[in-house]
J.: 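Below are the structure tokens for one structure; questions will follow.
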Amino acid sequence: MTKVKTRFAPSPTGYLHIGGARTALFNWLFARHHGGKFVLRIEDTDLERSTRESVDAIFEGLGWLGLDWDEEPEYQSRRTDIYLDHIDRLLKEGKAYRCYCSKEELDEKRAQAMAEGRKPKYDGKCRERGDQPGNRPFTIRFKAPTTGVTAFDDMIKGRVSFENSELDDLIIARTDGSPTYNFVVVVDDATMGITHIIRGDDHLNNTPRQILLYEALTYTAPEFGHVPLILGEDKKRLSKRHGATSVTAYKDMGYLPHAMINYLARLGWSHGDQELFSIDELVKYFDSDQIGKSAGIFNPEKLLWLNAHYIKESSNDSLAELIRPIIEDGGQNLADGPDLASLIAILKDRVKTTTELAEMAKSYYLEDIEIDGAASTKFLTLETNEILKALASGMEMLAPFDENEVERFFKEFIAEKGLKMNKVGPAVRVALTGGTASPGIFEVIAILGKDKTVSRINRAIR
RNA sequence: GUCCCCAUCGUCUAGUCUGGCCCAGGACACCGCCCUUUCACGGCGGCGACGGGGGUUCAAAUCCCCCUGGGGACGCCA
């Protein structure tokens, strides 16, 4: 068997979106699983819409996800000569012809066909014309068979077949001489030695035309695998309307690449009941036979759950690396508070994104915290004033000031005063964190340190 | 409209190829209980699906047909 070579071929007209990312992932996984190569091809033949920024955004997205590629990326805009050669070949062999029909004429016929309930397709008007009116603009069309069947065995969908009579003579070169998509993909995939094409099933209808082109060009067609599309909640094709659809947007919102990879892999592919996969496991298990045939709906909640999971699994140090800049950008000086990694240790079970983690961590570096109004009225009362005072002065003497010692002190304190923990805990929590939700109170005190603890408690006394 | 593809809990899915082990399993979400000074985490439990109709068969979520529903394509875009 020849060595597997897959490709991801985005057109640089925007960012890397969720759907594209999954296609890239499947190609990457397939190549890695089979010990083959994964390459990139930038489909920038549409000069109007293609931008350098988009190319960078796509590279950035892939890089963030950890999808590395094996060769220098190809750019279609630099391969014009190759395409022109192939068009010439077809023309010389009589497998393509010049079409002088105008765009307007074509549009009109298309509209009419639709109106009459027919499938709009080129009527072959210029197919057999012998003359070549030199001064009129023309496109070049591929002369496709009008009878017979074009069928192929899709890796995902199984056998798919089309009547050739359904197909028409597609334009392979525009009036300005530039080659069109369906033609260049074939030339590219053939000349780049791509063995397996895994792409969205919106390309399923293009496949028979492309196969015909492979045949005309006497190239062997690769294997095709058409992955069902990812839909939005309204079951429509995922688009900007559905909110965040760019992978980098998720990076910015505090998602971990591993969570995104895991989520995307499981959307449309499965390995029994397993939900959580390391990258190595994905490479080990991934193959085309377990890819589902039906479209899936993008479910942000499951992604979020995976993110929370991988945050818990991440080391405190790696999370610290991620959120340190966010906290510092917020104006906080990390030297003014606890060791960030230690703080993360008590916080990370309570967040679903790293953004949230950073947000939560911030208050531990603040000199002055803002106390939630409702929490204050409920838990900071005249009665608690006395308790807090005594607590603060008591803790002032504490040494060492660690979690165990603090806990021992509290237990002793409430026993002495005949109090219950639920009388003291909430008040201290509100004083220290400004709210009613936080890690264990002893953990908070220990991590805050004596100075901040005492001063925050004193400040909370009314 | 025409062609192509698809159809299991709200969602992602296992099971379908190789019919019986499935009055359908897992996960997210949701609800409840437990753990707990709070919020989370975690543990336990609950809710919840084979789109409909015909066949084939001793037996169908699984095979066949029709219907319905959904998606995609129909560009001198990719």
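Predicted model, so just to flag it, every value in this text is computed and none were measured. Values below: every heavy atom of this structure, side chains too, minus hydrogens, waters and symmetry copies. Chain letters run A, B, ... following the sequence lines, proteins first and then strands; every chain starts at 1.
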J.: Looking only at side-chain atoms of A:D201, point me to the closest of B:C74, B:C5, B:C28.
T.: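 Minimum distance to the A:D201 side chain belongs to B:C5.
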J.: Give me the atom names and distance for the closest heavy-atom approach of A:I311 to A:L319.
T.: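 In terms of heavy atoms, the two residues are closest at O-CD1, 3.6 Å.
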J.: Quick one: A:D169 CG to B:G75 P, roughly how many Å, whole number?
T.: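 It is 13 Å, rounded to the nearest whole Å.
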J.: Would you check if the side chain of A:T433 reaches a backbone N or O of A:V430 as a donor-acceptor pair within less than 3.5 Å?
T.: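 Not at all, since once roles are kept as given, no pair shorter than 3.5 Å links the two residues.
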J.: Can we say A:K352 and A:E356 salt-bridge, meaning some charged N sits less than 4.0 Å from an Asp/Glu carboxylate O?
T.: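 No, this pair does not count.
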J.: Nearest-Å distance, CD (A:Q290) to C1' (B:C12)?
T.: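 Going from A:Q290 (CD) to B:C12 (C1'), I get 15 Å.
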J.: Check every strand shown and say whether A:P439 touches a base, only sugar-phosphate, or nothing at a heavy-atom separation below 4.0 Å.
T.: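 Base contact.
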J.: So, under a plain 3.5 Å distance rule, would you say the side chain of A:R266 forms a donor-acceptor pair with the base of B:U13?
T.: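 Counting by modelled atom types and ignoring angles, no donor-acceptor contact under 3.5 Å is found here.
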J.: Using the side-chain heavy atoms of A:D349, tell me which of these nucleotides is nearest: B:A27, B:A40, B:C5.
T.: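 Between B:A27, B:A40, B:C5, the one nearest the side chain of A:D349 would be B:A40.
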J.: What's A:G158 touching, base or sugar-phosphate or nothing? Going by heavy atoms closer than 4.0 Å.
T.: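 If one applies the 4.0 Å heavy-atom cut-off, A:G158 turns out to touch nothing in the nucleic acid.
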J.: So what does A:H226 touch, heavy atoms closer than 4.0 Å: a base, only the sugar-phosphate, or nothing?
T.: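 Touches nothing.
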J.: Which value, in whole Å, describes the distance between the P atoms of nucleotides B:C33 and B:A40?
T.: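 Here B:C33 and B:A40 have their P atoms 14 Å from each other.
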J.: Would you kindly give the CZ-to-C1' distance between A:F298 and B:G71, to the nearest whole Å?
T.: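 Spelled out: CZ on A:F298 to C1' on B:G71 is 19 Å.
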J.: Counting the atoms with a prime plus P, OP1 and OP2 as sugar-phosphate, which does A:K293 contact under 4.0 Å by heavy atoms, base, sugar-phosphate, or nothing?
T.: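 Answer is sugar-phosphate: A:K293 comes under 4.0 Å of backbone atoms only.
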J.: For B:G26 and B:C65, measure between their C1' atoms and round to the nearest Å.
T.: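 These two C1' atoms come out 33 Å apart once rounded.
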J.: Do the ring centers of A:W269 and A:F26 come within less than 6.0 Å of each other?
T.: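 Aromatic pair excluded; centres sit 6.0 Å or further apart.
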J.: Could you please name the option among B:U38, B:A78, B:A29 that lies closest to any side-chain atom of A:E301?
T.: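 For A:E301, the side-chain atoms sit closest to B:A29.
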J.: Using both distances under 3.5 Å as the test, list the Watson-Crick or G-U wobble partner of B:C44, or none.
T.: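 Partner of B:C44: B:G32.
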J.: Between A:R159 and B:C5, does any side-chain N or O lie under 4.0 Å from OP1 or OP2?
T.: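 Checking B:C5 against A:R159, no side-chain N or O comes under 4.0 Å of OP1 or OP2.
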J.: Round to the nearest Å and state the distance from A:Y75 atom OH to B:A78 atom C1'.
T.: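 Nearest whole value for this atom pair: 17 Å.
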J.: Expressed as a whole number of Å, how far does the C1' atom of B:C22 sit from that of B:A61?
T.: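 Going atom to atom, C1' in each nucleotide, I get 8 Å.
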J.: Can you find a pair of side-chain heavy atoms, one from A:S11 and one from A:Y181, that are under 4.5 Å apart?
T.: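 Heavy-atom side-chain distance check fails, nothing below 4.5 Å.
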J.: Would you indicate which nucleotide in B:G1, B:C39, B:A78 comes nearest to any side-chain atom of A:A437?
T.: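 Of all the options, the side chain of A:A437 is nearest to B:C39.
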J.: Of A:L231 and A:G272, whose nearest nucleotide on RNA chain B comes first from the 5' end?
T.: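 Checking each residue's closest nucleotide, the 5'-ward one belongs to A:G272.
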J.: Between atom CD1 in A:I42 and atom P in B:A78, what is the gap in whole Å?
T.: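 Value for this atom pair: 15 Å.
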J.: Classify the side chain of A:N205 and the base of B:G72 as holding, or not holding, a donor-acceptor pair under 3.5 Å.
T.: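 Indeed there is one.
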J.: Do A:R89 and A:Y219 form a cation-pi contact, if we require the NZ or CZ to be under 6.0 Å from the six-membered ring centre and within 45 degrees of the ring's axis?
T.: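 Yes, a cation-pi geometry holds between A:R89 and A:Y219.
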J.: With a non-hydrogen cut-off below 4.0 angstrom, is A:R110 in contact with a base, only sugar-phosphate, or nothing?
T.: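 Here A:R110 touches the backbone only, sparing every base.
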J.: At 4.0 Å (heavy atoms only), tell me whether A:V160 reaches a base, stays on the sugar-phosphate, or touches nothing.
T.: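 Contact class for A:V160: sugar-phosphate only.
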J.: Find which nucleotide of RNA chain B each of A:D273 and A:S161 is nearest to by heavy atoms, and output the residue with the more 5' nucleotide.
T.: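 The answer here is A:S161.
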J.: With a 4.0 Å cut-off on heavy atoms, is A:P426 in touch with a base, just the backbone sugar-phosphate, or nothing at all?
T.: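 Answer is nothing: A:P426 stays at 4.0 Å or more from every strand.
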J.: When rounded to the nearest Å, what value does the distance between P atoms of B:C4 and B:C66 take?
T.: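 Roughly 12 Å separates the two P atoms.
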J.: Return the nucleotide paired to B:C22: Watson-Crick means purine N1 to pyrimidine N3 with N6-O4 or O6-N4, wobble means G-U with N1-O2 and O6-N3, both under 3.5 Å.
T.: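 In the structure as shown, B:C22 has no Watson-Crick or wobble partner.
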J.: Ignoring hydrogens and angles, are the base of B:C76 and the side chain of A:T175 linked by a donor-acceptor pair under 3.5 Å?
T.: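 Looking at the base of B:C76, it does pair with a donor or acceptor on the side chain of A:T175 (distance under 3.5 Å).
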J.: Using the P atoms only, state how far B:C23 lies from B:C28, rounded to an integer number of Å.
T.: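 The answer is 25 Å between these two P atoms.
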J.: Could you work out the separation of B:C77 and B:C30 based on their C1' atoms and round it to a whole Å?
T.: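 Pairwise C1' distance, B:C77 against B:C30, rounds to 43 Å.
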J.: On the side chain of A:R350, is there an atom forming a donor-acceptor pair with the base of B:C39 - under 3.5 Å, no angle test?
T.: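 In this structure, the two groups form a donor-acceptor pair.
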J.: Check this for me: does the side-chain of A:K302 come within 3.5 Å of the base of B:A29 through a donor and an acceptor?
T.: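 Result: no qualifying N/O pair found.
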J.: May I have the distance from A:Q210 (atom CD) to B:A78 (atom C1'), rounded to whole angstrom?
T.: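 One finds 11 Å between C1' of B:A78 and CD of A:Q210, rounded.
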J.: Given atom NE2 of A:H271 and atom C1' of B:G15, what is their separation to the nearest angstrom?
T.: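 To the nearest whole Å, that distance equals 15 Å.
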J.: From the set B:G72, B:G70, B:C4, return the single nucleotide nearest to any side-chain atom of A:F162.
T.: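 Shortest atom-to-atom distance from the side chain points to B:C4.
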J.: Using a 4.0 Å heavy-atom cut-off across all strands, classify A:S294 as base, sugar-phosphate, or nothing.
T.: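 Here A:S294 touches the backbone only, sparing every base.
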J.: Output the single nucleotide from B:A78, B:A14, B:C12 whose closest atom is nearest the side chain of A:E275.
T.: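 So the side chain of A:E275 is nearest to B:C12.
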J.: Of the options B:U13, B:A14, B:G1, whose atoms approach the side-chain atoms of A:L267 most closely?
T.: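 Of the candidates, B:U13 comes closest.
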J.: With a 4.0 Å cut-off on heavy atoms, is A:I297 in touch with a base, just the backbone sugar-phosphate, or nothing at all?
T.: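 Counting heavy atoms under 4.0 Å across all strands, the contact made by A:I297 is with sugar-phosphate only.
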J.: Mind checking A:E166 for me? I need base, sugar-phosphate or nothing, with any heavy atom below 4.0 Å counting as a touch.
T.: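 Sugar-phosphate, backbone atoms only, no base.
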J.: Would you classify A:N206 as touching base, sugar-phosphate or nothing, given that sugar-phosphate means primed atoms plus P, OP1 and OP2, and contacts are heavy atoms under 4.0 Å?
T.: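 It contacts base atoms.
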J.: Using a cut-off of strictly less than 4.0 Å, decide whether A:K236 has a side-chain nitrogen or oxygen near OP1 or OP2 of B:G71.
T.: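 Yes, because at least one side-chain N or O of A:K236 sits under 4.0 Å from OP1 or OP2 of B:G71.
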J.: Could you tell me how far B:A49 sits from B:A24 if I compare only their C1' atoms? Round to whole Å.
T.: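 Taking atom C1' in both B:A24 and B:A49, they lie 9 Å apart.
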J.: When rounded to the nearest 0.5 angstrom, what is the spacing between NE2 in A:H17 and CD1 in A:I230?
T.: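 So the NE2 of A:H17 and the CD1 of A:I230 are separated by 9.0 Å.
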J.: Identify whether any heavy atom of A:T45 sits under 4.0 Å from a base atom; if not, whether one sits that close to sugar-phosphate; answer base, sugar-phosphate or nothing.
T.: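 If one applies the 4.0 Å heavy-atom cut-off, A:T45 turns out to touch the sugar-phosphate alone, with no base involved.
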J.: Between B:A14 and A:S270, is there an OP1 or OP2 to side-chain N/O distance shorter than 4.0 Å?
T.: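 Yes, because at least one side-chain N or O of A:S270 sits under 4.0 Å from OP1 or OP2 of B:A14.
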J.: Taking only the C1' atom of each, what is the distance from B:U68 to B:C76 in whole angstrom?
T.: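 Between the two C1' atoms, the distance is 39 Å.
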J.: If you take the centroid of each ring, where Trp contributes its six-membered ring, are A:H196 and A:F30 closer together than 6.0 Å?
T.: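 Ring-ring flag for A:F30/A:H196: true, centres closer than 6.0 Å.
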J.: Is A:F379 touching bases, backbone alone, or none of the nucleic acid, heavy atoms closer than 4.0 Å?
T.: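 Nothing: the residue A:F379, judged by heavy atoms under 4.0 Å, touches no strand.
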J.: Using a heavy-atom cut-off of under 4.0 Å over every strand shown, decide if A:S178 touches base, sugar-phosphate, or nothing.
T.: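 Answer is nothing: A:S178 stays at 4.0 Å or more from every strand.
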J.: In the structure I gave you, are the side-chain heavy atoms of A:N27 and A:R7 within less than 4.5 Å of one another anywhere?
T.: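 Not in contact.
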J.: Just by distance, do the side chain of A:S161 and the backbone of A:A151 share a donor-acceptor pair under 3.5 Å?
T.: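 Answer holds: no.
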J.: Looking at A:R209, I'd like to know whether one of its side-chain N or O atoms comes within less than 4.0 Å of OP1 or OP2 on B:C74.
T.: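 Indeed not, no polar side-chain atom of A:R209 lies that close.
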J.: Please state how far atom NZ in A:K420 lies from atom P in B:U36, giving the value in whole angstrom units.
T.: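 So the two atoms are 15 Å apart, to the nearest Å.
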